[in-house]
Every structure is written in structure tokens, then in C-alpha cells.
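Just the heavy atoms: all of them, side chains too, but no hydrogens, waters or symmetry mates, feed the values below. Each chain gets a letter, A, B and so on, in the order its sequence line appears, and its residues count up from 1.
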There are 2 protein chains.
Amino acid sequence: MQDFLAGVEPFKRLSLSERQRLSAVSRERRYSKGEMVFRTGDPSDAICIVKSGRVHLMKFLEGGQASTTCVMTSGDTFCCLPALDQKPYPVDAIAATDSIVVRIPTSSFQTLLEKNPVFLKDSLCLFCDRLRQVEHKSCMAYDSVEQRLAQALLTLSKKFGSTIPLTKHELAELASTTVETTIRVLSQLKKQGIIKSSRGSTTIAKPQLLEDLASS
Amino acid sequence: MQDFLAGVEPFKRLSLSERQRLSAVSRERRYSKGEMVFRTGDPSDAICIVKSGRVHLMKFLEGGQASTTCVMTSGDTFCCLPALDQKPYPVDAIAATDSIVVRIPTSSFQTLLEKNPVFLKDSLCLFCDRLRQVEHKSCMAYDSVEQRLAQALLTLSKKFGSTIPLTKHELAELASTTVETTIRVLSQLKKQGIIKSSRGSTTIAKPQLLEDLASS
DNA sequence: TGCCTTTCATGATAGGCGTCATAGATTCCA
DNA sequence: TGGAATCTATGACGCCTATCATGAAAGGCA
């Protein structure tokens with residue numbers, strides 16, 4: 001397992017012995033598709049790293065709508081926030097596919113933060129990235145669904161490459177819209193040759209045109 | 001000036017001598033209403049603290065719309081992000097009123113981060129708060145203008161109390177909508193007795209009802 | 001004081017998008 | 001293998017909200 005951690009932020013720059021100690025106290029856990037990995041208000045006894053599969057960070061609104069804020073795949077760390085400041089983390093994490101998640105006890109994480117300034121700095125940088133990402137989406141309410149979907153697809157393509165293995169429903173949750181509208185908009189993009197679409201996946205055919213749409 | 005820093009996160013827990021050294025290298029600068037304090041892509045030679053006045057963190061979209069992501073008032077620190085990871089900060093900061101801003105050189109900030117683990121930890125906590133705030137807004141696109149305005153007013157009331165000294169135009173930018181719609185929605189809330197409204201300010205009369213609206 | 005800008009306000013109109021209904025195509029699973 | 005569930009797709013309808021236009025009231029400035 002320390003091999004796995006060697007490729008994961010913010011653990012990359014830990015010493016071998018530190019990683020080994022961390023591995024010794026960590027636990028792997030399997031989640032089936034649809035299972036909750038973390039629930040709003042849970043006591044945060046561990047920080048989580050996706051080892052395989054796909055986990056979505058989501059918000060559920062009172063109206064019943066679901067909004068996905070972040071798609072986590074192999075090597076992505078989440079639920080660090082409450083481990084740092086002991087405050088609740090207001091999101092739900094759900095396994096979007098069968099997944100394996102590595103759980104590192106909060107206490108071990110905190111010990112490392114206190115003892116290892118380099119680790120603290122790397123954690124800080126990881127947060128800066130996350131903050132930048134989220135702030136980037138903060139003016140989303142102004143954008144049309146087409147723009148929001150274009151942005152979502154482009155963001156996802158950094159993770160998955162040009163073919164994005166998400167259903168239309170999952171894309172809808174990322175763009176904070178409905179399945180029907182998502183399908184309609186993507187159909188238009190398909191007609192224009194900008195994307196290809198099939199059951200359970202969408203392929204970006206013309207990234208440049210999609211970027212134009214995203215920022216227009 | 002070290003007295004001022006003593007009340008500002010993340011500087012509160014610095015020693016007196018550390019604050020004095022920081023004060024010695026800091027500079028105060030006045031900005032007139034409408035002036036740019038920080039521009040997207042600026043080299044980040046300093047982190048900023050509002051000493052008096054009001055500074056808005058904004059995004060300008062290609063369509064010409066402006067969206068305010070954050071309202072900073074006395075004691076609020078901003079532009080820390082690029083000082084931490086040397087990456088660009090994709091927002092514009094504009095003085096919404098005549099303002100005084102304290103500028104601390106990035107290099108001094110970085111030195112402190114490296115030498116003082118407590119300061120690093122406090123900075124980290126400050127970021128956690130910011131991240132939580134921004135993530136909270138991430139499903140905004142689902143909400144109606146009424147909900148977004150209600151949320152904006154409630155957030156602002158934590159800073160300003162029940163009377164919020166912003167124009168309808170500024171509220172519109174916070175809710176990512178137009179002035180006209182803002183005025184129409186607020187007129188309705190006024191008729192229902194939930195708020196009072198006058199030139200340049202809005203007063204929350206019934207916070208509970210507003211919260212119900214915000215989360216419905 | 002008078003002009004000009006800003007703020008607030010209201011109406012008409014059109015388009016975007018949510019909602020509801022229907023249905024074919026795939027996949028899953030008992 | 002057959003039925004249920006999921007995914008994709010399309011149409012009709014109506015509301016929300018952006019846009020454009022107009023105008024009154026308040027404040028700033030010469």
C-alpha cells in the first residue's frame with residue numbers, strides 16, 4: 001500500500017518510513033455502486049483516498065435535486081477538511097461505481113501535519129488547488145446549461161481523456177440541471193459534430209469548439 | 001499597525017515581535033471607489049487585508065456580466081492563494097467604497113509560513129473556512145433568484161448585521177442576476193414584510209422567513 | 001441652482017429550461 | 001428467458017428570468 005500512497009497527493013514527499021507507518025494504520029474498504037462513503041455530519045474519523053472506481057462528492061437539495069461538486073477517481077484525496085479543523089463537512093460522498101477507498105485515520109493525519117512541515121505545506125497546496133477549482137465554478141449561475149455542460153465535459157476530460165464514462169444523468173448532476181435538458185443540449189452538440197454520444201459515455205470530438213462554447 | 005494585525009486572521013497568534021516585523025514591511029494604500037485593487041493575472045507581490053471600506057472579489061464574464069464571489073470588509077484577508085503556491089489568482093478585486101488596504105509582501109508571508117508552524121496551521125484553517133464557504137455556493141445554479149438573494153442577504157447579515165449597506169446592483173452581482181430581477185424579487189419580499197428596502201441599503205426584518213426561503 | 005449620474009422602479013416581450021408524459025433501447029437479474 | 005430497471009430520447013406546456021424600454025427620485029458636482 002505504501003507504493004500506492006507514493007503516487008498520491010499530499011503523501012508523495014513523505015519518507016518511506018512515514019508512508020509505511022501510515023499504511024500500517026490505514027484500511028481499505030470496498031463500496032458498491034450507490035453506497036454512501038461519507039455522509040454530511042458524519043464524525044470524520046478518517047480521510048479518504050480513492051484507490052479504484054469513482055466517488056462523487058454531492059449535495060442534496062430540499063427539492064430532491066442532487067448536485068455533484070466533484071468527481072474523485074484513483075489517487076484523489078477527499079474528506080481532509082474536517083480532519084484539519086474539526087468542523088463538519090457539508091457534503092455527501094457516494095460511490096458512483098463499485099469502488100475501493102483507502103481510509104487513513106484522522107489522528108495519524110493530524111500527527112503528520114504537526115510533525116512534518118513539508119507535508120503541511122503540500123497539504124496546503126492541495127487545498128489551494130481545490131479552492132481555485134471551486135471558485136472557478138462560483139459564477140456558474142450566470143451560465144447557460146450549454147456552457148455549464150461544456151465546462152463539465154472539459155474538466156472531466158482532464159481526468160478521463162476525450163471519452164468520458166458518465167451517464168447523461170451524472171452529467172446533469174454535474175451541471176446542476178435535469179437529465180432531459182442535458183440530453184437535449186448534448187443532442188445539439190452531437191448534431192454539430194462537437195461530441196459523440198453513446199450509452200454511458202460521451203466523447204469530445206472537437207475540444208476547441210467546446211471550449212469556445214464554454215467561455216462564450 | 002501591529003495592533004490592527006492582532007485582530008486579523010491568520011495573524012492573531014503571532015508574537016508581538018513577529019507582528020512588529022511584519023508591520024515594518026507592510027504598506028497601507030488607499031483606493032477610491034471603483035478602483036482595482038487586484039487584477040486577474042497580476043503578479044502577486046503582496047497579500048491584502050482590508051483595513052477600512054469594502055472590497056469585492058469579482059469575476060467578469062465574456063458577456064459583460066459581473067459576478068461578485070466575496071465581499072471583504074475590515075479585517076478580511078485576501079489574495080493569499082497566489083502567495084502560497086505561486087499560481088495565478090483568477091479574480092479581480094475592486095474597491096466597492098473608498099477603502100484602505102494593508103499590503104504585506106509575499107516574501108515576508110512565505111518566510112513566516114516556513115518558520116512558524118502555528119502560523120501555517122492558522123492559515124490552513126482560514127483556507128478551510130473559505131473552501132467551505134465557496135463549496136456551499138456550488139449548487140447555486142439550481143436555486144431560483146429568490147433563493148440566491150435570500151442566501152446572499154443572510155450571509156451579508158453576518159458581516160453587517162440586519163441592515164446591509166449594498167445597492168440593489170451590488171446584490172444582483174452577488175446573486176448572479178440582473179438589477180431588474182433583483183428589484184422585482186426584493187419588492188415582493190418587501191410587500192411580505194420580510195425585508196425593508198431603501199436607497200443603498202436593505203434591512204432584514206424577519207430573518208426566520210428569509211432562511212425558510214433560502215433553503216426551500 | 002441646474003445638469004448629470006446613479007439608483008430604484010415597472011411594463012412588455014421572448015427565450016431558456018424545468019416539469020410531466022410517453023416510449024424505444026439496453027442492461028441487469030431472478 | 002422474461003420482466004424490471006436504467007438509460008436515452010422527444011414532445012407539449014408553462015413559469016422564471018433576461019432583455020429592452022421608459023421614467024421617477026435622489027444625490028453629486030460644476
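- Distance CG (B:Leu61) to P (D:dA18): 13 Å, rounded to an integer number of Å.
- With hydrogens and angles left out, the side-chain atoms of B:Ser197 and B:Lys168 include a donor and acceptor closer than 3.5 Å.
- Each of B:Arg184 and B:Thr167 was matched to the nucleotide of DNA chain C holding its nearest heavy atom; the match closer to the 5' end belongs to B:Thr167.
- Between A:Leu171 atom CG and D:dA9 atom P there is a gap of 12 Å when expressed in whole angstrom units.
- For the pair A:Ser187 and D:dT10, the criterion of a side-chain N or O lying under 4.0 Å from OP1 or OP2 is met.
- The listed nucleotides are C:dC17, D:dT8, D:dT17; the one nearest the side chain of B:Thr181 is D:dT17.
- One finds the OG atom of A:Ser26 at 7.0 Å from the CD1 atom of A:Ile49 (value rounded to the nearest 0.5 Å).
- Nucleotide C:dG16 holds its C1' atom 12 Å from the CD atom of A:Gln147, rounded to whole Å.
- Separating the NE2 atom of B:His169 from the P atom of C:dC8 is a distance of 10 Å, rounded to the nearest angstrom.
- Considering CD1 of B:Ile164 and OG1 of B:Thr203, their distance stands at 7.5 Å, rounded to 0.5 Å.
- Atom CD in A:Glu173 sits about 14 Å away from atom C1' in D:dC7, given to the nearest Å.
- In this structure, CD of B:Glu146 is placed 8 Å from P of D:dT17, rounded to the nearest angstrom.
- A distance of 8.0 Å separates CZ in A:Phe38 from SG in A:Cys48, rounded to the nearest 0.5 Å.
- If you check every strand for non-hydrogen atoms under 4.0 Å, A:Thr202 touches nothing.
- Note: CE (A:Met140) to C1' (C:dG16) measures 16 Å, nearest angstrom.
- Mapped onto DNA chain D by nearest heavy atom, A:Glu180 and A:Tyr142 fall at different nucleotides, with A:Glu180 at the one closer to the 5' end.
- Taking 4.0 angstrom as the limit, A:Thr178 places a side-chain polar atom (N or O) nearer than this to OP1 or OP2 of C:dG18.
- For a distance-only test at 3.5 Å, the side chain of A:Arg199 fails to qualify as a donor-acceptor partner of the base of C:dT27.
- Note that the CE atom of B:Met140 and the OG atom of B:Ser176 stand 4.0 Å from one another [nearest 0.5 Å].
- Contact annotation: B:Lys168 reaches the phosphate of C:dC8 (side-chain N/O to OP1 or OP2, under 4.0 Å).
- Atom pair A:Lys33:NZ and C:dC29:P shows a separation of 9 Å (rounding to whole Å applied).
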